[in-house]
Amino acid sequence: MPITSIVIFLPLLGALALLLVRGVSAIRWTALVTTTVTFLVSLLLWTGFDPAADPAVPQMVDVLSGWFPEWLDVKYVVGIDGLNLLLVLLTTLLGPIVVLGSWTYIGKQHRGYYALVLLLQTGVTGVFTSYDLFLFYIFFELTLIPMYFIIGIWGSENRIYAAVKFVIYTLVGSLLMLVAIIYLGYAAGNAVNGGVFTTDYFKLLAYDVPLGMQTWLFFLFALSFAIKVPLFPLHTWLPDAHVQAPTGGSVILAGVLLKMGTYGLVRFCLPFFPNAAQEYSVLFAVLAVIGIIYGALVARVQPDAKKLVAYSSVSHLGFVVLGLFAFNLEALQGALIQMINHGLSTGALFLIVGMLYERRHSRLMADFGGIARVAPVLSFFMVFSALASAGLPGLNGFVGEFLILIGSFQSSYTGGPVLVALATTGVILAAVYLLWMIYRTFFGEITHEANRTLPDLNPREVLVLAPLAVLMFVLGFFPHSFLKVSEPAAASLLDRIEEKRAAVLEAAEAAEAMAATFDGTQFEVAAPSTPAP
Amino acid sequence: MDAALLVQLILLLPLAGAVFNGILPLFLPALRTREPLIGAVATAVVAIPFVLVLILFLGYEPGQPVIVDFFPWIVAGDLEVHFAYRIDELSLVMGLIVTGVGALIHLYAVGYMHGDSGFWRFFAYLNLFIFAMLNLVLGDNMVVLFLGWEGVGVCSYLLIGFWYTNLKNSAAANKAFIVNRIGDFAFLVAMFLLFRELGGLDFTTITEGGGAIPEATLNWIVLLLFIGATGKSAQIPLFVWLPDAMAGPTPVSALIHAATMVTSGLYLLARLSPVVLAAPDIMVVIAVVAALTAIMAASIAIAQNDIKKVLAYSTVSQLGYMFMAAGVGAFFVAIFHVMTHAFFKACLFLGSGSVIHAMHHVEHEVEHKTGKHIDPQDMRTMGGLKKYMPATSRTYFIAMLAIAGIPPLAGFFSKDEILFKAFEYGYDGHAYAWFVWIVGLLTAVLTAFYMARSYYLTFEGEERWPLADQVHPHESPWTMTVPLWVLAGLSVVGGFLGLPGVIAHGEWNLIHHWLGEPYGGPVAEPVLAPHGEGFLAIEWGLILLGAGIAFAGWLFARAKYRTDGLAYDAHLRAKLGGLYRAWEGKYYWDELYDRLVVRPLMRFSERGLAAFDRYVVDGAVNGVAALTAGISRGLRYMQTGIVQNYALAIVFGALLVISLILFA
């Protein structure tokens, strides 16, 4: 059974089914059932995944070729490996949570909203599971359109500006990446695929991109992904998009859409262009650390709770990028688990801010205050998620941050211990802005009459938040069950990077040596492209 | 029962209690008011672990640490962190203190918190605290210790801000957590360094391999760990959160902010004592900072009128004593003082809680009758409480004598041992230890003085609250007085565990024999040159000096404060002038931090970064968009739609091409 493809396309099927059903309730239930079933099916990926198998080979692969002419080696190929399994599960888990979280938030055009949410899920799942760069690109762009409409139609007062900014910003990056993909496809085709243009992940991986070319291609790819992450200073679309998007949109955006950027870095950028990635790793580490501190400080002075959480994402994703560019197993594993953790805790924070918005139609912290008294359950989930987000040991956030920092600290690629120590101040600053939000919103006397009758969470809302809270706890105390899923893949990725880096370097040196030996003899230097074993 | 099962129960019972008292009532509001059930469960899940630790303690074979490894926690690459726990001399002592004193305070809190609408929540936090604290003292590696370290910090945050409707309490909670996080930051970096140097974070690796780390790196590690400790254990420069932490309910102040959590910095240094000893330069820093903290806090305590503030600064000062011991290499003495301090300071705090409990009643009555408001924690409106609260006043008196260092109570032995160790280390040739010793002596006088002051202002002399002839406070219920008596009893006998070297050549110093490395324990100590013949006389002299100082401080305060204390305070204020005002103003640390750190950082974030983000980073993005739009707008004029214009353009274009072909 092509489980991977089912997980990808079931939501799309559900979106089509939505066109047939009538009535708001039926629409919601269809969406809920679709996403829930998708999540249950995706659990088969978890149970069927064999962590002991060769980590370089994806499992549960579905291939569909022949939809392109022979001179284009472009295929539909999807599968699961240690790098994407948890991200896929996060995506499918957030599906029903987003639908349930939007249940009453969305007040108009239900059919369109839920159809777009489902379509978006197909796009994101596709991004994470593609083993063909072209396919990846299609899914990557596919996520753009639903998100554009979700922000633009169901967003708040400034939604059009935010939606347009989101699309254009991302598009600029991805079009540059497209140029790089086409170039890479031809170059790799010539080198390792008998002259046939290829976007097959493994063939691209086998192709040692020459030193000079790596830098260009690396930056074209990295720019696109850095915008998506977003890495400082490319982050300003994010607060706008988050603040304007409806809750469900924000949850998807923070939970999985940003991870497409970091995933792209780890899946493509680093292994395709290891020499360039390592040469410029300090640049990325510095930007990541600036993002950590800058995002946190700017978060602290936001009057708008949602904007605060949005800037906290800039800070948290900085940790992930730092971990990716450390090139050691501790930090890489930390970055991988941190992607999941950020999805859970920030997703929960957005949901809670959204629940407050539904009650009072305000995101301004000044409009709340003292509501712990009237809404203890809501406050519990808020404090819990905030502590997880602040990296409290025993909850999920700590595991990733700790691994990233301890790994980066040992790494020779991340600009030295002092820079990593600076990044570590993020743990202080996270407490500063998150506790401030809780202080301002939940504690003190109730100052606004309207808050006196603020209802606490209803069972549906508890059902939305409880799974996230449980997972924050599980990932905090038992991260090993998850870390060991990605460890072989992460280790093999690092080996591959090291091998390839050495091979490219050797080829470049050999070429140089030959050029020196036969200086003046017009010796044609062969393209330094040795197919990898 | 085997050790693994015991450890499991010891750790999980308090956690289960936290879930039972916290999560269940959260979703089942009917449970929230079941005080007897909640109180009984909360106390039992701490009392039972106490018995279990006792079983482990009695069955322990000295020198044979038991390590219980449950399951891997964070494993990646070379890093291998397990949920592993270590049962040895040190962790057993700490475990006994935490669960024993903890159980007493839980029992006390059942009475103290009676009728509070957050009763369930309170005990959930308190149980969770015990769970975290047990992780801290039982963990076998730095990361599990850190789990406890941060966990107790969160519980402290939740409990300081327990009465959250008053924003002042929540602000104090935030301050405590953030200041602690600054220390935790240093702790984290120390762990990174340790892992880089040793490739592992379990205590065996660290204590055995620590000495081989290059000196500069080792100094950094120990310094960073000490900075971490200054956060949790309230030393200069990070002590500022502890006085504010008194905003929490008094049992919390007793348990967390006196007896257990604040001593975890000492536990950390004792646990890593072989590493600390290898960094003598940093030991100087530790000792000097500790001495300055001790005398600074003691002097502030003299000028405080809030009974809990006096005790808070006293705690800071006593923690200073413990760090002095650590700074001269006497880690086991630091732990000895941790223990005796847990007894008498918990007793004092619970006594103050009993007083506040009673004064609350007075406050209500007075407010009801006159509309006037009094502060139930202000000693200036107390006085004469001895008559109404015999159990509280007697236990407070005993504990006061203990902390003042009156022989043969607990504080006398432990404090005297610290001063002796400082003296001995100076005698051994470490000049800085003399400084520590002298400051320690001065602090001892001040301690006896301000503690006696607090006793006499509260319990003796005139009854100073309004309508004192009509409104009378009452003694607290048995759930509160029983813990007081138990702790007072321990404050009397606790010192005999560490009899000084003059008695039987130190053979009866049980705590030294239990913890000390020379006897197979885990706590290292420096090797000193043998003393000369006459040293015994010096030792006796020092003991007499210590006792004399304590008596002097106590009796002086007794003379001045017993009948009319307020007059003597006024006299002091007039006489000392600026110095007294500095004490009242707590040396203006808060103001200093506010001006130097908090406000500049906020200004920088708000007017610097946020503005930069908006106008520069985002401005550039919008600028590019505007530029594109502007160019397009300009280009739009070319698309006029008038065919003649296009034709003209084609002609010019053709001419241009032709001329290029012809002339180029």
Side-chain angles (χ1 to χ4, degrees), chain A residues 165 168-169 232-233 235-237 240 294 297-298 300-302 328-330 332-334 370 372-373 376-377 380 383 387 390 392-394 398-399 402-403 405-407 409-410 417 420-421 424-425 427-428 431-432 435-436 438-439 442-446 462 477-480 483-484 487 490-491, chain B residues 22-23 26-27 71-79 83 121 132 135 143-144 146-151 153-154 157-158 161 164-167 169-171 173-174 177-178 180-182 184-185 188-189 191-193 195-196 601-602 604-606 608-610 613-614 616-618 620-622 625:
Chain A
K165 190 174 184 179
I168 294 185
Y169 216 135
F232 174 88
H235 62 272
T236 54
W237 64 267
D240 285 319
Y294 180 95
L297 289 176
V298 176
R300 169 61 183 80
V301 297
Q302 298 304 321
N328 60 33
L329 194 49
E330 291 89 351
L332 179 58
Q333 279 284 77
R373 197 183 196 97
V377 180
F380 163 76
V383 173
L387 290 174
L392 182 78
F398 173 72
V399 179
F402 183 71
L403 280 174
L405 290 170
I406 207 166
F409 198 83
Q410 335 288 323
V420 179
T424 312
T425 59
V427 304
I428 307 172
V432 171
L435 294 192
W436 165 251
I438 293 171
Y439 170 83
F442 290 88
F443 295 153
E445 292 285 354
I446 293 179
V462 172
F477 272 93
F478 312 98
H480 188 57
L483 284 170
K484 72 179 181 210
E487 170 132 2
Chain B
I23 307 287
L26 180 68
F27 293 103
F71 57 91
W73 180 20
I74 304 178
V75 178
D78 300 331
L79 182 73
F83 273 109
R121 207 161 48 88
N135 271 286
V143 192
V144 174
F146 191 67
L147 167 79
W149 187 271
E150 287 250 301
V154 164
Y157 160 78
L158 292 168
Y164 56 78
T165 47
N166 187 347
L167 265 186
N169 299 342
S170 303
N174 279 10
F177 195 74
I178 290 164
N180 266 296
R181 270 261 158 143
I182 296 173
D184 297 349
F185 154 77
L188 278 169
V189 178
M191 277 200 275
F192 302 159
L193 280 167
F195 178 65
R196 191 184 74 187
L601 196 64
M602 286 300 294
F604 173 66
S605 304
E606 194 147 16
L609 289 184
D613 200 60
R614 188 153 168 209
V616 181
V617 183
D618 204 29
V621 176
N622 287 331

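Here the structure is a predicted model, which is why all the values come from computation and not from measurement. A note on names: the letters A, B, ... follow the listed sequences, proteins ahead of strands, and every chain is numbered from 1.
Within the 4.5 angstrom heavy-atom criterion, only side-chain atoms of A:Leu483, from C-beta onward, approach chain B. Of the atoms belonging to A:Phe380, it is side-chain heavy atoms, and not backbone ones, that fall under 4.5 Å from chain B. Interface remark: B:Asn135 contributes no atoms to any contact with chain A (heavy atom separation under 4.5 Å). At a 4.5 Å heavy-atom cutoff, A:Asn328 makes no contact with chain B through either its backbone or its side chain. The part of A:Leu387 that comes within reach of chain B is its side chain, from C-beta onward, which places non-hydrogen atoms under 4.5 angstrom from that chain. Contact annotation for A:Leu332: neither backbone nor side-chain heavy atoms come within less than 4.5 Å of a heavy atom of chain B. Neither the backbone nor the side chain of A:Ala491 comes within contact range of chain B; no heavy atom of the residue lies under 4.5 Å from a heavy atom of that chain. The parts of A:Glu445 that come within reach of chain B are both its backbone and its side chain, each placing non-hydrogen atoms under 4.5 angstrom from that chain. Residue A:Gln333 touches chain B through its side chain alone, counting heavy-atom pairs closer than 4.5 Å. For a residue to count as touching a neighbouring chain, one of its non-hydrogen atoms must lie under 4.5 Å from one of that chain's; by this rule A:Phe477 touches chain B with backbone and side chain alike.
The closest donor-acceptor contact from the side chain of A:Thr424 to the backbone of A:Val420 lies under 3.5 Å.
The candidate from A:Trp237, A:Phe443, A:Phe398 with the greatest count of non-hydrogen atom pairs under 4.5 Å with chain B is A:Phe443. Between chain A and the options B:Ile23, B:Leu26, B:Val189, heavy-atom pairs under 4.5 Å are most frequent for B:Leu26. For the options B:Phe83, B:Phe604, B:Phe185, heavy-atom pairs under 4.5 Å to chain A are most numerous at B:Phe185. In terms of heavy-atom pairs under 4.5 Å with chain B, the best-connected choice from A:Gly370, A:Gly334, A:Pro417, A:Ala421 is A:Ala421.
Aromatic ring pairs are classed by plane angle as parallel below 30°, tilted from 30° to 60° and perpendicular above 60°; the pair A:Phe478 and B:Phe71 is parallel.
Heavy-atom neighbours of B:Arg196 CZ from other residues, nucleotides or ligands within 6.0 Å: above the threshold of 12.
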